[in-house]
Amino acid sequence: MLTDLGELRWQHRILVISEPDHPAELLELLHENADALDERKLAWFVIVEGAVNSNYDEGLGTELLGNINRRLGIEPKESILIGLDGGVKARGEGVDLEALYGLIDAMPMRRSENQS
């Protein structure tokens, strides 16, 4: 069970999104783009009303939400991208997947993945 995002370091890029207003539409968007997100090793975590939804399939521990809030201090409607190295790469409001892909694809580790 995943209890802290730090456990994913060097395994996944992470997108944490707090979406209080339109979670169904956001979750649908993420599911529709699963192939592109998986290609970029992106695990997403959507926070809605004190619960976490995710594409991470190995189970989420009850401590995860508290650890996300302590580590990131995420605000409502905020999105945070965390790189493979565990560092915060971007913070902003809303989710623009094309901009997210561009940001990830420009990262040195992503470029080296594409050359392999």
Side-chain angles (χ1 to χ4, degrees):
M1 297 294 256
L2 182 67
T3 60
D4 191 282
L5 297 178
E7 297 171 38
L8 300 179
R9 188 174 185 195
W10 302 119
Q11 299 171 38
H12 294 279
R13 293 175 182 90
I14 299 168
L15 180 62
V16 180
I17 309 162
S18 176
E19 179 50 70
D21 296 334
H22 304 286
E25 291 89 349
L26 174 60
L27 292 170
E28 183 177 340
L29 176 70
L30 293 170
H31 286 293
E32 288 172 355
N33 287 275
D35 290 343
L37 296 169
D38 290 345
E39 176 187 326
R40 291 168 175 85
K41 299 181 182 178
L42 193 71
W44 52 261
F45 299 86
V46 177
I47 301 169
V48 181
E49 297 179 5
V52 180
N53 295 282
S54 180
N55 66 335
Y56 184 75
D57 59 4
E58 296 185 34
L60 306 178
T62 56
E63 305 93 344
L64 181 62
L65 181 57
N67 288 336
I68 289 172
N69 287 328
R70 273 189 295 285
R71 178 173 178 219
L72 300 174
I74 192 164
E75 299 291 329
K77 299 183 183 181
E78 186 176 30
S79 300
I80 301 172
L81 175 64
I82 300 171
L84 285 173
D85 63 358
V88 173
K89 304 303 180 189
R91 289 182 90 117
E93 188 172 311
V95 177
D96 178 342
L97 290 182
E98 292 305 316
L100 181 72
Y101 299 154
L103 182 62
I104 291 171
D105 291 347
M107 293 177 176
M109 292 195 70
R110 173 69 177 153
R111 288 197 314 260
S112 70
E113 290 169 7
N114 286 336
Q115 293 174 356
S116 303

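Bear in mind that the values here come from a model prediction, so they are computed numbers and not experimental data.
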Output for pair (His22 NE2, Lys77 NZ), nearest 0.5 Å, gives 7.0 Å
When rounded to the nearest 0.5 Å, the distance separating CD1 of Ile82 from CG of Leu5 is 5.5 Å
Note: Ser18 and Glu75 closest approach over all heavy atoms is CB-O, 3.3 Å
Report yes or no: do Phe45 and Ile47 belong to one cluster of Ile/Leu/Val/Met/Phe/Trp/Tyr joined by side chain heavy-atom distances under 4.5 Å? yes
Worksheet item: Is there a donor-acceptor pair under 3.5 Å between the side chain of Gln11 and the backbone N or O of Glu7?
Response: yes
Here the gap from Arg13 atom CZ to Arg110 atom CZ, rounded to the nearest 0.5 Å, amounts to 6.5 Å
Nearest heavy-atom contact between Leu60 and Met1 is O-CE, 3.4 Å
**Item:** ILVMFWY network linking Val16 to Leu2, side-chain heavy atoms under 4.5 angstrom
**Value:** yes
Residues joined to Val95 in its hydrophobic cluster, side chain to side chain under 4.5 Å directly or through other members, sorted by chain and number, are Leu15, Ile17, Leu26, Leu27, Leu29, Leu30, Leu37, Leu42, Trp44, Val46, Val48, Leu81, Leu97, Leu100, Tyr101, Leu103, Ile104, Met107
Taking every heavy atom of Asp4 against every heavy atom of Leu64, the minimum-distance pair comes out as N-CD1, 3.9 Å
Interatomic distance, CD1@Ile14 vs CZ@Arg9, rounded to 0.5 Å, equals 11.0 Å
Closest non-hydrogen contact found for Leu8 with Ala43 is CD1-CB, 4.4 Å
side-chain hydrogen bond (donor to acceptor under 3.5 Å, both in side chains) pairs touching residues 48-69, sequence neighbours excluded, are Asn67-Arg70
